[in-house]
*Asks:* 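Let me give you the structure first, and then I'll get to my questions.
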Amino acid sequence: MKKLIVANWKMTPLTASEAEKTFLETERAAGKMRKIDVAVCPPFVWLPVLNEIKRSRKKVALGSQDVFWENSSAGGSFTGEISPHMLKNLGVKYVIIGHSERRKHLGETDEMINKKIKAALRSGLKTILCVGEKERDASAEYLKFVKKEIVDGLTGVFRKNLKDLIIAYEPIWAISSTPRAKEDTPEDFFRMSIFIRRVLFSVFGKSAPEAVPILYGGSVDAENVSGFLKEGKADGVLVGRSSFKAETFVPLLKNTI
Ligand code: PGA
């Protein structure tokens, strides 16, 4: 299976022209790489202009960093929100849901995340559920925390929709915006991915665990990416800071193969 490399641009760049430039440079580099799929998730406002570029260049898919749980205003009025249908109309294929920065700064709860996951899957979006603990503790409470994020996030999800589900394990202590962040090790990620597959088995039964790709995220860069993909056996990576600029993202892409 191809490895999936997802760029989470967070709240960058500041202008459309910078977004176009980084996207084009990413597209140029990724276009030659047969063994990976690449998705760029810019802020919503840059999706239309990047979708225009994407019409003629097919390699890099578009994703968004969030989505709302209602598809139209038939279900009520929701000032400021963006629906799954709107995203699909803009050529969006992937959506990141439940990122720890949204959980922390915007008060996203497992219940809200669950509604978003179900709406995104219903619309046929490739849906990336982000999970990960704030810190490690000797009595392994963090495993219970991650399990709860998965179980609550996926409540009511149908087995038939698992083909569009992706889980990103992003320990908060490893995300570059956390003070003194340090990436996880490939060995530890591998153990966590087995744990996550066990949780999926407990929720959905057999064959579910293999159906869902598990990505690693948290301070991934050009130096450590191949460790997570090879020794860590990650199905892909979710990259924040190192994806903001082509100067750091292109070398990272090159080191995936
Ligand atoms: P980082 O971010 O690569 O900058 O640590 C990852 C993420 O927040 O998705």
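What you see is a predicted model; the values in this text were computed from it and never measured. Counting starts at 1 for both ligands and their atoms, following the listed order.
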*Asks:* Is Ser242 in polar range of ligand 1, meaning some N or O pair under 3.5 Å apart?
*Replies:*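 No - when backbone and side-chain N and O of Ser242 are compared with those of ligand 1, no distance drops under 3.5 Å.
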*Asks:* Applying a 4.0 Å heavy-atom criterion (strictly less than), which segment of Ile175 is in contact with ligand 1: side chain, backbone, both, or neither?
*Replies:*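 Answer for Ile175: both.
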*Asks:* For atom 2 (O) of ligand 1, grab the closest protein heavy atom and report residue, atom and distance to one decimal in Å.
*Replies:*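 Minimum-distance protein heavy atom for atom 2 (O) of ligand 1 reads Lys10 NZ, 3.2 Å.
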*Asks:* Within a distance under 4.0 Å of any heavy atom of Gly218, pick out the atoms of ligand 1 and give their elements.
*Replies:*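 Those qualifying, in numeric order: 5 (O).
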*Asks:* May I ask you to identify the nearest protein heavy atom to atom 1 (P) of ligand 1, giving residue, atom name and distance to one decimal place in Å?
*Replies:*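 Scanning the protein heavy atoms, the shortest distance from atom 1 (P) of ligand 1 goes to Ser176 OG, 3.5 Å.
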*Asks:* What's the spacing between Phe228 CZ and Asp184 CG if we round to 0.5 Å?
*Replies:*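 Separation between the atoms: 5.5 Å.
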*Asks:* Look up atom CD1 in Ile82 and atom CD in Glu70, then write down how far apart they are to the nearest 0.5 Å.
*Replies:*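 Going from CD1 on Ile82 over to CD on Glu70, the span is 14.5 Å.
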*Asks:* Do Glu25 and Lys245 sit within salt-bridge range, that is, some charged N less than 4.0 Å from a carboxylate O?
*Replies:*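 Salt bridge absent between Glu25 and Lys245.
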*Asks:* Measuring from the heavy atoms of Gly217, does anything fall under 4.0 Å of ligand 1?
*Replies:*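 Gly217 does not count as a contact of ligand 1 under the 4.0 Å cut-off.
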*Asks:* Between His85 and Ser123, does the side chain to side chain contact (heavy atoms under 4.5 Å, CB included) criterion hold? Intermediate values first, please.
*Replies:* CA-CA 7 Å; His85 275 186; Ser123 298; 4.3 Å; yes
*Asks:* Same cluster or not: Phe195 versus Leu215, using hydrophobic residues (I, L, V, M, F, W, Y) connected whenever any side-chain heavy atoms lie under 4.5 Å apart?
*Replies:*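 They do not share one cluster, since no chain of ILVMFWY contacts under 4.5 Å joins Phe195 to Leu215.
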*Asks:* Could you list which atoms of ligand 1 come closer than 4.0 Å to a heavy atom of His99?
*Replies:*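 Answer for ligand 1: 7 (C), 8 (O), 9 (O).
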*Asks:* If you measure from each heavy atom of Glu183 to ligand 1, is any distance below 4.0 Å?
*Replies:*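 So Glu183 does not count as touching ligand 1.
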*Asks:* Please list the nearest protein heavy atom to atom 3 (O) of ligand 1 with its residue and the distance rounded to 0.1 Å.
*Replies:*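 The closest heavy atom on the protein side is Gly240 N, 2.8 Å.
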*Asks:* Can you pull out the closest protein heavy atom to atom 9 (O) of ligand 1? Residue, atom name and distance to 0.1 Å, please.
*Replies:*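 Here the nearest protein heavy atom works out to Glu170 OE2, 2.7 Å.
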*Asks:* For the residue pair Lys160 and Phe158, would you count it as a cation-pi contact if the rule is NZ or CZ under 6.0 angstrom from the ring centre and within 45 degrees of the ring axis?
*Replies:*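 Here Lys160 passes the 6.0 Å and 45° test against Phe158.
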*Asks:* Count the heavy atoms belonging to other residues, nucleotides or ligands that lie under 6.0 Å from NZ of Lys134, then report whether that count exceeds 12.
*Replies:*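 Atom NZ in Lys134 is not crowded, with 12 or fewer foreign heavy atoms closer than 6.0 Å.
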*Asks:* Does the Lys NZ or Arg CZ of Lys233 fall within the cation-pi geometry relative to Phe190 - under 6.0 Å from the ring centre and within 45° of the axis?
*Replies:*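 Flagged: Lys233 positioned over aromatic ring of Phe190.
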*Asks:* Which atoms of ligand 1 are found less than 4.0 Å from any heavy atom of Arg241?
*Replies:*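 Checking each atom against Arg241, I get 1 (P), 3 (O), 4 (O).
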